[in-house]
There are 2 protein chains.
Amino acid sequence: MELTTAEENYLKAIYHLSEEGKKSVSTNDIAAAIQTKPASVSDMLRKLGEKEVIQYRKYYGLQITELGKRLALQTIRKHRLWEVFLVDKLHFSWDEVHEVAEQLEHIQSTLLIERLDAYLNYPKFDPHGDPIPDEYGDVRSRPRIALNEMNIDQGGQIVAVKDSSAAFLRYLDKVGAYIGARIKVLDKVEFDGSVEILVDQKKTLFMSKDVASNILVLQS
Amino acid sequence: MELTTAEENYLKAIYHLSEEGKKSVSTNDIAAAIQTKPASVSDMLRKLGEKEVIQYRKYYGLQITELGKRLALQTIRKHRLWEVFLVDKLHFSWDEVHEVAEQLEHIQSTLLIERLDAYLNYPKFDPHGDPIPDEYGDVRSRPRIALNEMNIDQGGQIVAVKDSSAAFLRYLDKVGAYIGARIKVLDKVEFDGSVEILVDQKKTLFMSKDVASNILVLQS
DNA sequence: TTTTTTTTTTAGATAACTCTAATTTTATTT
DNA sequence: AAATAAAATTAGAGTTATCTAAAAAAAAAA
């Protein structure tokens, strides 16, 4: 079964939305995620339904099938492996990789991905801390918590971000909060949900709830 | 100026045909090179003419413009850099790289190509021995001669192949005639144009004119 | 429970690229 | 130079993916 580049992008978006939102994914959500119009989404949903990567009943909703999940995870695997390549080997910064990986993920060649995986030493996480599915689509994700939901005096390690826009990643780089950084919550302001953290046992950092809620921490 | 993937492929084919054939490139030639129908070529020539990458007068012929040459060389540069990557880093054999490089060459990102070039140590030739244009499209190609045109007792080094089909490359690999091999012409048969050569001072090899004419040698 | 609003889908167009079949132009023969 | 063959182009249609505008269905509000 072969998907076009556009179909892959839709399916990937649907997969991501199904994972996070839990409840059913709406046409509007997909349109927003993929920067297109709802009319185009309706069209594509019909096609994806025919290809049986989603179960689709119009006006009612959709559900991603097992086949769909497998294919989506394959694309996600490719995307994340390429991100590792770009950062580890070509010294891209983590806020520059997304756009290019978005193109590279559609290159068709199983041999290429196998070899790339080996070349990168079978990485388990991408530069943003997101897990890389194996070739069968299995993901071992560590349990993570949003920074703003941690309690005072709790510590952990930054392992991922929710918002991976270039602007946000640049901001994090600037203030010194990188993936892998060891942190500890020093204080929380109930009023606005902002937090104060200690980074790498030396630097104190103040963050709005908005920022903190986009940072995922592996508790220790 | 932006070209689509299809336009890039046509332009690349036109560039290659203009280089080798010397005289004007025909619609049929392009169709054959790109595995499509003459009707599709006519359509595309009109478009490429409008974009001023070729000068095109229908029924008369076409000529690639300076702009067209520059863009074609950029694509060729990308293709050959990726081939080096696949062979040097991912251990592809030289007969497996073409199809994948054909896809990778269309990835859009100047930063990516700059970094890739640096990562590969600014290679000057691809795995088939073909020169890699620099970012301005300059090519320093060494003067080369087809193996069947060499004289008896002349020596040299295999630096490229004309026919880079997987079948041909596999054949060469099998008989032990690789890029970089040092060879010497032992004998030539006038009757059918076949040649006998010594490879790496140890192995004797007999080749039809057909094969020999597809092997390019840097004379020494 | 109507009415209104929001969401979703269809209808109809457009753009890029491809094809087959028909036509036109150029080249080759006789 | 006329007839024939070859090459190139246009006409018309199909595919994929997109859009705007209109219609239909579902959800929310009065």
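This is a predicted model, so every value here is computed, not measured. Sequence lines set the chain letters: A, B, ... in the order given, protein chains first and strands last, and positions in each chain run from 1. Keep in mind that the numbers below use all heavy atoms, side chains included, and drop hydrogens, waters and symmetry copies.
Take Q219(A) and apply the side-chain hydrogen bond (donor to acceptor under 3.5 Å, both in side chains) test, not counting sequence neighbours, and it matches Q154(A). For E8(A), the side-chain hydrogen bond (donor to acceptor under 3.5 Å, both in side chains) partners two or more places apart in sequence, or in a different chain, are H106(A). In terms of the side-chain hydrogen bond (donor to acceptor under 3.5 Å, both in side chains) criterion, residue partners of K51(A) (sequence neighbours excluded) are, by chain and number, E7(A).
In DNA chain D, runs of at least 3 consecutive Watson-Crick or G-U pairs, each pair with both distances below 3.5 Å, span C:1-30 with D:1-30.
One finds a side-chain N or O of N28(A) lying less than 4.0 angstrom from the OP1 or OP2 phosphate oxygen of dT8(C). Contact annotation: Y56(A) side-chain N/O to dT9(C) OP1/OP2 distance is under 4.0 Å. In this model, the phosphate group of dT10(D) is approached by a side-chain N or O of K58(B) to a distance below 4.0 Å at OP1 or OP2. Applying the 4.0 Å criterion to OP1 and OP2 of dT10(C), one finds that S42(A) has every side-chain N and O outside that range.
Between the side chain of T75(A) and the backbone N or O of L71(A), at least one donor-acceptor pair lies under 3.5 Å.
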message: I need a per-nucleotide contact map over nucleotides 14-25 of chain D, read 5' to 3'. Cutoff is protein heavy atoms under 4.0 Å; write B for the base, S for backbone only, - otherwise.
response: --SSBBBB--BS

Going by atom type alone, with no hydrogens or angles, which donor-acceptor pairs under 3.5 Å involve a side-chain atom of residues 115-123 of chain A and a protein atom two or more places apart or on another chain?
unit_1  : atom_1 : unit_2  : atom_2 : d
R115(A) : NH1    : L90(B)  : O      : 3.1
R115(A) : NH1    : H91(B)  : O      : 2.9
D117(A) : OD2    : R77(A)  : NH2    : 3.2
Y119(A) : OH     : Y119(B) : OH     : 2.2

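Look at K12(B) and E102(B) and you find a salt bridge, because one of the NZ, NE, NH1 or NH2 atoms lies within 4.0 Å of a carboxylate O, short of that distance. At a threshold of 4.0 Å, the pair R80(B)-E83(B) does not count as salt-bridged, since none of the basic side-chain nitrogens sits closer than that to a carboxylate oxygen.
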- request: Might you work through the salt bridge (Lys or Arg N to Asp or Glu O under 4.0 Å) test for K162(B) and D130(B), ending with a clear yes or no?
  value: CA-CA 9 Å; K162(B) 276 185 185 168; D130(B) 292 311; over 6 Å; no

